[in-house]
Amino acid sequence: MTDQLDMSERVVLVTGGARGIGRGIAETFLVAGATVVVCGRSEPDSLPEAEGAVATFVAADVRDPDAVGALVDTTVARHGRLDVLVNNAGGAPPADSATVSPKFSKAIIELNLLAPLVCAQRANAVMQGQDDGGSIVNIASVSALRANPNAAAYGAAKAGLLNLTQTLAVEYAPKVRVNAVSAGLIRTEQAHLFYGDEEGIARVGATVPLGRMGLPSDIAQACLFLASPLAAYVSGANLLVHGGGERPAYVDAAAT
């Protein structure tokens, strides 16, 4: 069973893999023995590393199709193949949906929906030519499955990403599997921007049935599973990694 999580001789590309959830994903694949490439618009101060292995970096803005093509070409030129793509780059700052500009919303949709599509297209073109195909994992969000105040375009884009996952799973089969991981409330180095101080983070964590916010490693382990032979018959799936979700408001309201 453990050997099926061995990613030795596999090449993994993680978009936005230098920080936050992406960094956790990159480090987990490094521990599993993979060769890991991360990308971002600018080179980070440090690269993901684990057990003596270090990820390599390629500068790329995933919103630019030409940059994405160069990113995939560079990865294959350096390492000879591409086995796993993790579409992690994404996110959005809070914005009031009543006043947000069309330009802002367009940029959010480009990053969270269109960029994963272009990355998947470029990766699939490589994977279809490999004897053992490949795996694409899209990082989605629980924001796609519920109301998302102050982030309407983000939630809508992530909902689109879930449909994209199912569609590409059909189109790219049987050589390439495509799945999604819907992340819940995850504590990263930027958690304080959304949840305040440590007390605020603890209060938010207490609303989750498992009693805490998730960690990047929780999302990373799900990605490793979906990319591994253990998930050989899993495609078009959306794996919820949210600690049990959110406690329904009516439960507390009825108790008062």
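Here the structure is a predicted model, which means the values were calculated and not measured.
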Donor-acceptor list for residues 152-162 side chains, cut-off 3.5 Å, not counting sequence neighbours:
residue, atom, partner, partner atom, Å
K158, NZ, I139, O, 2.8

Minimum heavy-atom separation for [X] and [Y], please, with both atom names.
X: D6; Y: A32; answer: OD1-O, 3.3 Å
X: A50; Y: E27; answer: CB-O, 3.8 Å
X: P116; Y: L113; answer: CD-O, 3.2 Å
X: A169; Y: S235; answer: CB-OG, 3.5 Å
X: R78; Y: F57; answer: NH1-O, 3.7 Å
X: V100; Y: A95; answer: CG2-CB, 3.9 Å

Taking [Y]'s backbone N and O only, do any of them form a donor-acceptor pair with [X]'s side chain (distance below 3.5 Å, no angle check)?
X: R23; Y: L47; answer: yes
X: N179; Y: L226; answer: no
X: R177; Y: A231; answer: yes
X: S101; Y: F104; answer: yes
X: Q128; Y: Y172; answer: yes
X: Q130; Y: L82; answer: yes
X: T207; Y: V204; answer: yes

Supply the atom-to-atom distance [X] [atom1] to [Y] [atom2], rounded to the nearest 0.5 angstrom.
X: S141; Y: I219; atom1: OG; atom2: CD1; answer: 9.5 Å
X: H79; Y: R10; atom1: NE2; atom2: CZ; answer: 15.0 Å
X: R63; Y: L114; atom1: CZ; atom2: CG; answer: 11.5 Å
X: L240; Y: S182; atom1: CG; atom2: OG; answer: 5.5 Å
X: H242; Y: D218; atom1: NE2; atom2: CG; answer: 13.0 Å
X: T35; Y: M7; atom1: OG1; atom2: CE; answer: 10.5 Å

Can you hop from [X] to [Y] via hydrophobic side chains spaced under 4.5 Å?
X: L230; Y: V137; answer: yes
X: V86; Y: V178; answer: no
X: V14; Y: V54; answer: yes
X: L30; Y: V38; answer: yes
X: V181; Y: V36; answer: yes

Minimum side-chain heavy-atom gap [X]-[Y] below 4.5 Å:
X: E246; Y: R146; answer: yes
X: Q166; Y: V170; answer: no
X: V11; Y: V84; answer: no
X: P216; Y: T28; answer: no

Worksheet item: Quick one: which of D132, I136, D83 gives a side-chain contact (heavy atoms from CB on, under 4.5 Å) with M127?
Response: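 Running side-chain contact (heavy atoms from CB on, under 4.5 Å) over D132, I136, D83 with M127 returns exactly one hit, I136.
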
Item to complete: List the steps and the verdict of salt bridge (Lys or Arg N to Asp or Glu O under 4.0 Å) for E9 and R81.
Response: CA-CA 10 Å; E9 302 182 0; R81 58 188 298 113; over 6 Å; no

Practice prompt. I would like to know whether I186 and M213 meet side-chain contact (heavy atoms from CB on, under 4.5 Å); could you show each step before the answer?
Written response: CA-CA 5 Å; I186 307 300; M213 292 179 65; 5.8 Å; no

Worksheet item: Judged by modelled atom types alone, do T15 and N88 share a side-chain donor-acceptor pair under 3.5 Å?
Response: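 Note: T15 and N88 side chains miss the donor-acceptor criterion.
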
Worksheet item: Would V62 and V118 satisfy side-chain contact (heavy atoms from CB on, under 4.5 Å), going step by step from the backbone distance to the final call?
Response: CA-CA 8 Å; V62 294; V118 174; over 6 Å; no

Fill in: Qualifying residue for side-chain hydrogen bond (donor to acceptor under 3.5 Å, both in side chains) with N138, from T165, N112, N238
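Option passing the side-chain hydrogen bond (donor to acceptor under 3.5 Å, both in side chains) with N138: T165.
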
Practice prompt. Check whether more than 12 heavy atoms from other residues, nucleotides or ligands sit under 6.0 Å from atom NZ of K106, and answer yes or no.
Written response: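 No, the 6.0 Å shell around NZ holds no more than 12 heavy atoms from other groups.
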
Worksheet item: Do V37 and V12 pass the side-chain contact (heavy atoms from CB on, under 4.5 Å) test, and can you show the C-alpha distance, the side-chain angles, and the key distance before you say yes or no?
Response: CA-CA 6 Å; V37 178; V12 180; over 6 Å; no

